[in-house]
Amino acid sequence: LRRDPASAAEDILAWSRQAMVFAALALATGAVMALMLAGPPAALVRGGYGLATVAKTAFVVAMGLGALACRFRHARLM
């Protein structure tokens, strides 16, 4: 581990940028898979799989918003 705070901040900023890209890719591929498996968006609220997918999506969005809040509040790198 590096002891220099400036160097550590640069590393965290680089990782954070990559993490945002990969999180967006995971969200996009998850949405595509949900549409492929459940059918049209209206089917997401009619079946058990669709309701589970909607609940999981809500949880993932909440976690993503929490991560963004932490990034901009506790790790002010920008």
Side-chain angles (χ1 to χ4, degrees):
L1 294 173
R2 295 183 178 158
R3 302 256 182 221
D4 179 26
S7 178
E10 290 173 9
D11 290 342
I12 291 172
L13 180 60
W15 182 85
S16 179
R17 287 181 184 146
Q18 292 174 354
M20 282 194 287
V21 169
F22 289 120
L25 284 173
L27 185 67
T29 57
V32 169
M33 287 300 297
L35 290 174
M36 287 174 54
L37 292 173
L44 287 176
V45 294
R46 282 186 271 167
Y49 174 79
L51 291 175
T53 301
V54 170
K56 178 181 170 184
T57 302
F59 180 72
V60 169
V61 167
M63 294 297 290
L65 290 174
L68 280 174
C70 285
R71 180 184 187 270
F72 290 111
R73 180 179 174 135
H74 298 296
R76 295 178 192 250
L77 302 172
M78 299 180 97

Side chains of residues 33-44: which donor-acceptor partners sit under 3.5 Å, not counting sequence neighbours?
none

Next on the checklist: Apply the hydrophobic cluster definition, ILVMFWY joined by side-chain contacts under 4.5 Å directly or through others, and give me every member besides Phe22.
Outcome noted: Val21, Leu25
Return a table of donor-acceptor pairs under 3.5 angstrom between the side chains of residues 50-64 and protein atoms on other chains or two or more places apart.
from, atom 1, to, atom 2, distance (Å)
Thr53, OG1, Tyr49, O, 2.8
Thr57, OG1, Thr53, O, 2.7

